[in-house]
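I am attaching a structure below and will ask some questions about it afterwards.
Predicted, not measured: the structure shown is a model, and the values here were computed from it. Numbers here are sequence positions counted from 1.
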Amino acid sequence: MTLRPSHARWFEVLTTREDLTLTLEALAATGCIELETHSETNPEVSLQNLQERMQTFNMLARRYQPYWPSTDLRPATVTGKPGLVLDTALQRLLKWEQAALPLIHRIEQLNSEQTGLGLLHSFLSHLPNDGFELGQLAKTGAILNTLLFALPPGSRIGPVPETLLVSRFDTGVHDFLLAVGIDSDRDALASELMACKAEMIEIPASLKGTRQSARKQIEQQQLENDLQLQQLQRQVGALSRPYQLHEALGDIYRLDWFLNNVSSLPVSRNFAWVTGWTSDRDDRQLSNALNTSRVNAVIHYPPAPQKLVAPQVMYNPWWAQPFELFANMLGTPAHDEVDPSRLLAFLVPLLFGYMFADVGQGLLLFVTGLLLHKRWPVLRILVANGFAAMLFGFVFGSVFGREDIIPALWLHPVTQPLPVLMVPLAGGVVIILTGLLLNAAGAFWRGQARQWLLTDAAVLVIYLSILASFFSPHAMTTALVALAWYFTGSLLVAGPSPGNTLLPAAGMLVETVLQLLVNTVSFVRVGAFALAHGGLSMAFNIMADATGNLFAGLLLLALGNLVVMALEGLVVTIQTTRLILFEFFIRFLRGSGRTFRPLTAPATEAGIRRMT
């Protein structure tokens with residue numbers, strides 16, 4: 001077992017230019033590589049031209065993406081040079097465009113017609129006179145013409161020429177304006193209305209009969225258009241197979257992912273190099289991925305280049321991995337720092353469980369974590385916290401806030417608050433001491449053991465002596481010895497030119513010791529929140545008992561538990577995080593390591609949607 005993060009390993013892969021894209025995809029699928037280009041080979045081939053040609057695809061996607069398949073996108077199994085693969089895929093799309101364009105034009109024409117028919121149907125529905133024949137307006141003579149517009153609700157228009165006969169119908173969804181008049185005045189009105197974002201509606205001359213009859217004719221035409229649209233869409237969809245759109249789009253998506261992650265790689269006439277860092281410790285994951293993909297590639301693990309800084313990887317067992325979240329809040333621990341994740345796997349549930357002690361509520365958290373942790377792995381923290389809450393629920397004898405169901409293995413917090421406050425205080429001393437000892441380990445790893453023994457070790461003894469003085473006055477003698485130890489060590493650390501060392505050292509000592517004492521007292525809040533949790537639960541129990549009605553009491557009790565779980569759960573989580581970050585981590589963790597950021601593998605079907 002180690003509490004130190006490890007350096008990621010440097011790897012280099014030699015592959016053919018034709019297999020470069022597939023090789024990179026296979027490596028990314030392992031989730032354990034981070035690319036970093038480093039080679040003395042000057043790249044002969046730039047990927048700039050690929051990015052320029054990708055713009056052709058982007059223009060096609062903006063126009064035709066709704067007509068392309070969005071599922072079952074699969075890159076071709078045959079690999080080749082990236083430029084050749086991209087050109088082949090674009091040629092397929094362009095040939096598909098030639099075949100599909102007449103069908104798409106007809107689809108768009110029918111969609112526009114359907115929109116107009118829908119507006120016309122709405123207009124007829126709001127006509128006040130059923131004897132009105134709209135078809136007759138479309139058959140006006142050479143001098144008079146009719147226009148129908150759909151305006152946004154509440155639109156204002158300017159004065160209408162007196163030579164125009166205008167009627168306006170406000171429907172709430174659209175405002176319809178019907179205008180009959182001579183061509184010149186009608187055209188002027190049309191220009192003004194179009195500027196107001198009005199939509200002109202074509203009036204078919206084929207409409208006959210009354211308003212109700214015309215509506216039925218429109219509905220019939222809409223039905224026929226829908227059938228024709230479905231047939232056209234099936235025809236467009238059927239073109240995907242002969243032009244191999246699924247493979248073409250899959251290839252382009254793979255290349256887009258490739259270009260977004262690698263701007264350039266060292267490439268010779270026949271070979272390419274992929275270099276970077278990996279968290280694969282036993283050489284199996286990367287080798288197996290390359291073998292499974294059947295690419296022509298050779299991988300080896302030489303020493304890392306001296307000028308590069310290796311990212312740090314925290315190799316923790318599955319039960320400790322969710323607790324890496326806390327260390328990552330400050331940054332990645334460096335190689336000479338402690339990775340506290342395994343300690344937190346015990347410390348965090350203890351703090352949370354003590355403050356949220358309840359068998360029933362803890363069971364709900366435990367089950368929720370079990371049900372959702374596969375989708376959100378970080379919720380494994382909820383499993384541990386819920387289990388700890390159940391254990392402390394037995395200690396305090398609380399089940400869904402009731403203290404009359406099971407006996408307390410220790411005590412009920414509300415009835416005996418003082419011990420509940422004192423135990424976290426003692427636990428806080430242990431936690432702070434652990435942080436100080438972890439700082440000592442980091443100092444030894446950094447080669448600063450002498451400085452820690454001369455100064456920091458004396459501070460630790462002073463802290464313990466002050467705490468021990470509450471039980472034995474003789475402990476202050478030890479504190480005085482440690483005080484002399486500290487100042488002597490400060491002078492020795494200062495070297496041959498101590499100068500004004502004692503005064504800054506004294507100030508640093510006072511600040512550090514006071515901070516340690518204040519941080520120790522702050523752990524009393526753990527007991528305070530345990531009391532708050534028990535008190536809030538008791539309040540809801542009293543209100544439930546006071547109702548005098550079994551159903552109302554159970555309902556109030558259930559509501560109370562929901563409130564307690566939501567409110568106290570949030571507060572306790574915040575307080576646990578605060579104690580970990582500001583009372584524990586501050587002793588030893590700086591988070592100065594470089595974070596390992598693995599390359600994400602492509603998700604084929606989502607990729608095309610992301611690109612467009």
Could you tell me whether the side chains of Gln321 and Asn316 share a donor-acceptor contact shorter than 3.5 Å?
-> no
On the 0 to 90° scale, with breaks at 30° and 60°, tag the Phe366-Phe387 ring pair as parallel, tilted or perpendicular.
-> tilted
Any side-chain donor near an acceptor of the partner, Gln361 and His533, under 3.5 Å | yes
Between Gln221 and Asn225, is a side chain to side chain donor-acceptor pair (under 3.5 Å) present by the stated rule, with each step listed?
-> CA-CA 6 Å; Gln221 185 61 49; Asn225 288 352; 3.0 Å; yes
Residues forming a side-chain contact (heavy atoms from CB on, under 4.5 Å) with Asp336, sequence neighbours excluded = Ala334, Trp445, Arg446, Arg590
Arg234 and Gln231: CA distance, side-chain angles, deciding distance, side chain to side chain donor-acceptor pair (under 3.5 Å) verdict = CA-CA 5 Å; Arg234 284 194 296 269; Gln231 182 180 3; 5.6 Å; no
Quick one: do the Gln109 and Arg106 side chains pair a donor with an acceptor below 3.5 Å?
-> yes
With the threshold set at 4.0 Å, does a side-chain nitrogen-carboxylate oxygen contact exist between Glu34 and Arg594?
-> yes
Does Thr15 reach the main-chain N or O of Asn296 with its side chain, forming a donor-acceptor pair under 3.5 Å?
-> yes
Give every donor-acceptor pair under 3.5 Å between a side-chain atom in residues 235-242 and any protein atom, sequence neighbours left out.
unit_1 : atom_1 : unit_2 : atom_2 : d
Ser240 : OG     : Gly237 : O      : 3.2

Which word best sums up how the rings of Tyr64 and Trp68 line up, parallel for under 30°, tilted for 30 to 60°, or perpendicular for over 60°?
-> tilted
Taking NZ, NE, NH1 and NH2 as the nitrogens, is one of them in Lys307 or Glu36 under 4.0 Å from a carboxylate oxygen of the other?
-> no
